[in-house]
Amino acid sequence: MIALLDCNNFYVSCERLFSPKLKNKPVVVLSNNDGCVISRSNEAKELGITMGEPFFKIKKITKNLQIEVLSSNYSLYADISDRIMSILKKKFLEVEVYSIDEAFFYLNNKSKNEIICSEIAKKILKWVGIPVSIGIAKTKTLAKISNRVIKKKSNYKNIKFKYSNVLEIKSDEDLDYVLKNTKVADVWGVGNRLSNFLVNNNIKSALNLRDSNEDFIKKEKGILIKKTIYELRNIKCYQIEKELPVKKSICVSRSFGSKIYDYEHINRALIVYVHKAVIKLIKNNLFCRSITVFLKTSRYDEKIYSNSKTYKLLEATCDIRLIWKISKDILKFLYVKAFAYNKVGIILSNFSQRKEIQQSLIGDKLKNTTVKNEIKLMNVIEKINKKFGEGKIRLLANSDHRFFYTDEEPRVSWQMKSAFRSACYTTNWYDIPKVKVK
DNA sequence: TCTGGGGTCCTAGGACCC
DNA sequence: TCTGGGGTCCTAGGACCC
């Protein structure tokens, strides 16, 4: 059997850990740039706040209804996630960390699955303080559905729950009932496009999908949906992937705090993202051969522009000076005056490991330093930034090789909005909560 | 007038996930 | 005024091979 653990309202739950005043109150957490609602407490859900709602549309409502609003604090959430995953990995051999708040794992103990899961949920609540739900089934897709049933109990009134936060659907009648009361759009792997197609073909529930003609749907929509249909029929198509897959691309991009027309400003934003991307590259021990830069306006604007370009190197690199030089050139190519830009970003891809780097026969003119030095250089910069603060030292935007150190906190137009950010309670020495003892 | 059959590899774009 | 960020996989079609 496969279990899926999912943290309840994860980001909100993390915020509540260090801010007890948020308990039992309606709370929402916003996406980067304070753009959309991406996590809601049960109280906020009851007040009708929907997932993905743009914040500016509900700003007034949150004030009137006294909903607590927070910017997202990813270093906090990542750290809390690590704690939960390590508890799971200690108890179970094969754990797949599927996302920041979800994990799949195998269960072997036929009769005791629910008890075992209930105990681990209790332990996580006690040790970390985060409430979780665990759905159990034969396939990943059904474990996902099982988990969903726990969170939407009122939609599944016929199901009798032994535990409040753990569920294994055991009988065929119960499974049919659950699938019948689950919309096809709520099945894992069925997105917007697919659900429109299915509903138009009179496949409205998960039960309809399970009992549909899989060959017809495969012909129209590809192999993935056929696997989903099999999984609904209790046939495993996806195993638990214990090993972390090797990265195939690294992307860093942000929406600007406000729109930018000016090339120079975009350039200064891009170098910060390039720096972050190269740090990621080195942390993963990778070298890239493709560098893509993209530039866009908001898709909600009247005058829309979106373009990208990829440069391919002859030899893989992790040298920020080379990567920046290329990125800068691409940006120059992409930039057109007269648009109100909203976002710029860099994607590194076409990776190789150090030992597999293919040396170019004719040599890369742009390259002028050895691999060893490239890594040494970036590690020193990373160390300095860790010690003195992020972004203190980085490559000069208008130079190919000079670095600079800055002591000022720049507040410029491209910086993200993050007006309601909580402290990094567990990842920054200065933010550790102080406790008063009477 | 009339021009084969069987492959591989790469890429861009679409669709999906959290 | 204001609508996230970071990924993966699949597919069709082009370009190429003999």
Side-chain angles (χ1 to χ4, degrees), chain A residues 4-7 9-11 28-39 50-60 62 69 71-74 77-78 81 96-104 140-141 144 147-148 184-198 218-228 237-238 241 244-260 273 276-277 280-281 284 289-290 292 294 296-302 304 306-310 312 340 342-351 413 416-420:
Chain A
L4 171 67
L5 174 141
D6 192 320
C7 302
N9 314 332
F10 185 53
Y11 296 170
V28 298
V29 173
L30 304 177
S31 65
N32 267 340
N33 225 17
D34 293 344
C36 301
V37 173
I38 52 168
S39 182
T50 52
M51 189 68 175
E53 186 82 10
F55 178 50
F56 73 89
K57 283 189 184 169
I58 56 157
K59 212 169 189 170
K60 262 195 185 154
T62 55
V69 177
S71 304
S72 37
N73 182 346
Y74 290 104
Y77 310 151
S81 173
E96 174 183 342
V97 178
Y98 177 65
S99 73
I100 194 163
D101 73 329
E102 283 175 69
F104 289 105
K140 282 184 166 179
T141 306
K144 273 263 183 190
N147 198 301
R148 194 170 182 282
V184 75
D186 294 326
V187 175
W188 189 47
V190 177
N192 217 335
R193 287 298 178 94
L194 212 44
S195 85
N196 280 343
F197 168 83
L198 293 169
K218 187 206 164 213
K219 210 178 125 198
E220 296 292 320
K221 295 290 158 186
I223 185 70
L224 291 174
I225 186 66
K226 186 170 172 178
K227 286 189 181 175
T228 298
C237 297
Y238 301 105
E241 311 281 349
L244 270 182
V246 180
K247 270 196 187 302
K248 289 174 179 159
S249 66
I250 288 172
C251 170
V252 178
S253 78
R254 299 281 183 280
S255 297
F256 304 135
S258 52
K259 286 173 182 160
I260 305 184
Y273 309 154
K276 283 178 198 270
K280 280 194 198 186
L281 189 69
N284 282 278
R289 230 158 60 78
S290 291
T292 305
F294 60 88
K296 6 175 131 169
T297 59
S298 163
R299 62 195 145 133
Y300 304 99
D301 272 9
E302 280 190 11
I304 293 179
S306 174
N307 202 357
S308 75
K309 193 176 157 77
T310 302
K312 276 200 164 176
N342 155 70
K343 191 184 210 174
V344 72
I346 176 164
I347 305 168
L348 306 177
S349 56
N350 218 329
F351 295 145
S413 50
M416 272 199 302
K417 276 190 271 184
S418 199
F420 321 100

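Reminder, nothing fancy here: chain letters follow the sequence lines and each chain counts from 1. Just so you know, these numbers use all the heavy atoms, side chains as well, and skip hydrogens, waters and symmetry mates. Being a predicted model, the structure only gives us computed values, none of them experimental.
Between Ile250(A) and Ile347(A), every side-chain heavy-atom pair lies at or beyond the 4.5 Å cut-off. In this structure the side chain of Phe55(A) reaches within 4.5 angstrom of the side chain of Val69(A), judged on heavy atoms.
Note: OH (Tyr11(A)) to P (dG5(C)) measures 13 Å, nearest angstrom. At whole-Å resolution of the value, NZ in Lys296(A) and P in dT3(C) are 13 Å apart. Between the CG atom of Leu348(A) and the P atom of dG6(C) there is a distance of 12 Å, rounded to whole Å. Spacing between atom OH of Tyr77(A) and atom P of dC18(B) amounts to 19 Å, rounded to whole angstrom units. Atom C1' of nucleotide dC2(C) and atom CG of Asn342(A) are separated by 11 Å, given to the nearest angstrom. Atom CD1 in Ile100(A) sits about 13 Å away from atom P in dG6(C), given to the nearest Å. Protein atom CZ of Phe294(A) is 15 Å distant from nucleotide atom C1' of dG13(B), rounded to whole Å. For Asn32(A) and dC2(C), the CG to C1' distance is 15 Å, given to the nearest whole Å.
Among dG6(C), dT3(C), dC17(B), the nucleotide with an atom closest to any side-chain atom of Pro54(A) is dT3(C). For Arg193(A), counting side-chain heavy atoms from C-beta on, the closest listed nucleotide (dC18(B), dG5(C), dA15(B)) is dA15(B). In this structure, of dG6(C), dT3(C), dG5(C), it is dG6(C) that holds the atom nearest to the side chain of Cys251(A). Distances were taken from every side-chain heavy atom of Arg254(A) (C-beta onward) to each of dT3(C), dG5(C), dC18(B); the shortest belongs to dG5(C). Listed candidates were dG7(C), dG6(C), dG4(C). Nearest to the side chain of Lys247(A) is dG7(C). When the nucleotides dC18(B), dG5(C), dC16(B) are ranked by their closest atom to the side chain of Asp101(A), dC18(B) comes out on top.
Using a 4.0 Å heavy-atom distance criterion, Asn192(A) is classed as a sugar-phosphate-only contact. Using a 4.0 Å heavy-atom criterion, one finds that Leu30(A) contacts no nucleic acid atom at all. Lys280(A) comes within contact range of the sugar-phosphate backbone alone, with a heavy-atom separation under 4.0 Å but no base atom that close. Glu53(A) comes within contact range of no nucleotide atom at all, as no heavy-atom separation falls under 4.0 Å. Note on Ile250(A): only backbone sugar-phosphate atoms sit closer than 4.0 angstrom, heavy atoms only; bases stay farther off. When heavy atoms are screened at a 4.0 angstrom cut-off, Lys144(A) is found touching the sugar-phosphate backbone but no base atom.
No donor-acceptor pair under 3.5 Å is formed between the side chain of Asp101(A) and the backbone N or O of Phe10(A).
Within the structure, every side-chain polar atom (N or O) of Lys221(A) is placed at least 4.0 Å from both OP1 and OP2 of dA15(B). Of the side-chain N and O atoms in Lys312(A), one or more sit less than 4.0 angstrom from OP1 or OP2 of dT11(B). Between dT8(C) and Ser249(A), a contact under 4.0 Å exists linking OP1 or OP2 to a side-chain N or O. Contact annotation: Arg299(A) side-chain N/O to dG4(C) OP1/OP2 distance is under 4.0 Å. Within the 4.0 Å cut-off from OP1 or OP2 of dG5(C), at least one side-chain nitrogen or oxygen of Lys343(A) is found. Dashed line: the shortest gap from a side-chain N or O of Lys259(A) to OP1 or OP2 of dC2(C) is under 4.0 Å. One finds no side-chain N or O of Ser31(A) lying less than 4.0 angstrom from the OP1 or OP2 phosphate oxygen of dT3(C). OP1 or OP2 of dC9(C) sits under 4.0 Å from a side-chain N or O of Lys248(A).
Where stacking is scored as ring centres under 5.5 Å apart with planes under 30°, Tyr98(A) does not register as stacked on the base of dC18(B).
Each of Cys36(A) and Val252(A) was assigned the nucleotide of DNA chain C with the nearest heavy atom; the assignment lying further toward the 5' end belongs to Cys36(A). Along DNA chain C, the nucleotide nearest to Lys227(A) and the one nearest to Ser255(A) differ in position, and the one closer to the 5' end is contacted by Ser255(A).
For Lys140(A) against Glu96(A), the heavy-atom pair with the smallest separation is NZ-OE1, 2.7 Å. Shown here for Thr310(A) and Ser290(A), the closest heavy-atom pair between the two residues is CG2-CB, 4.1 Å.
The 12-atom threshold is exceeded at NZ of Lys221(A), counting heavy atoms of other residues, nucleotides or ligands nearer than 6.0 Å.
Using bins of under 30°, 30° to 60° and over 60° for the plane-to-plane angle, the ring pair Tyr77(A)/Tyr11(A) lands in the parallel bin.
Nucleotide dA15(B) has dT8(C) as its partner under the Watson-Crick or G-U criteria, with both atom distances under 3.5 Å.
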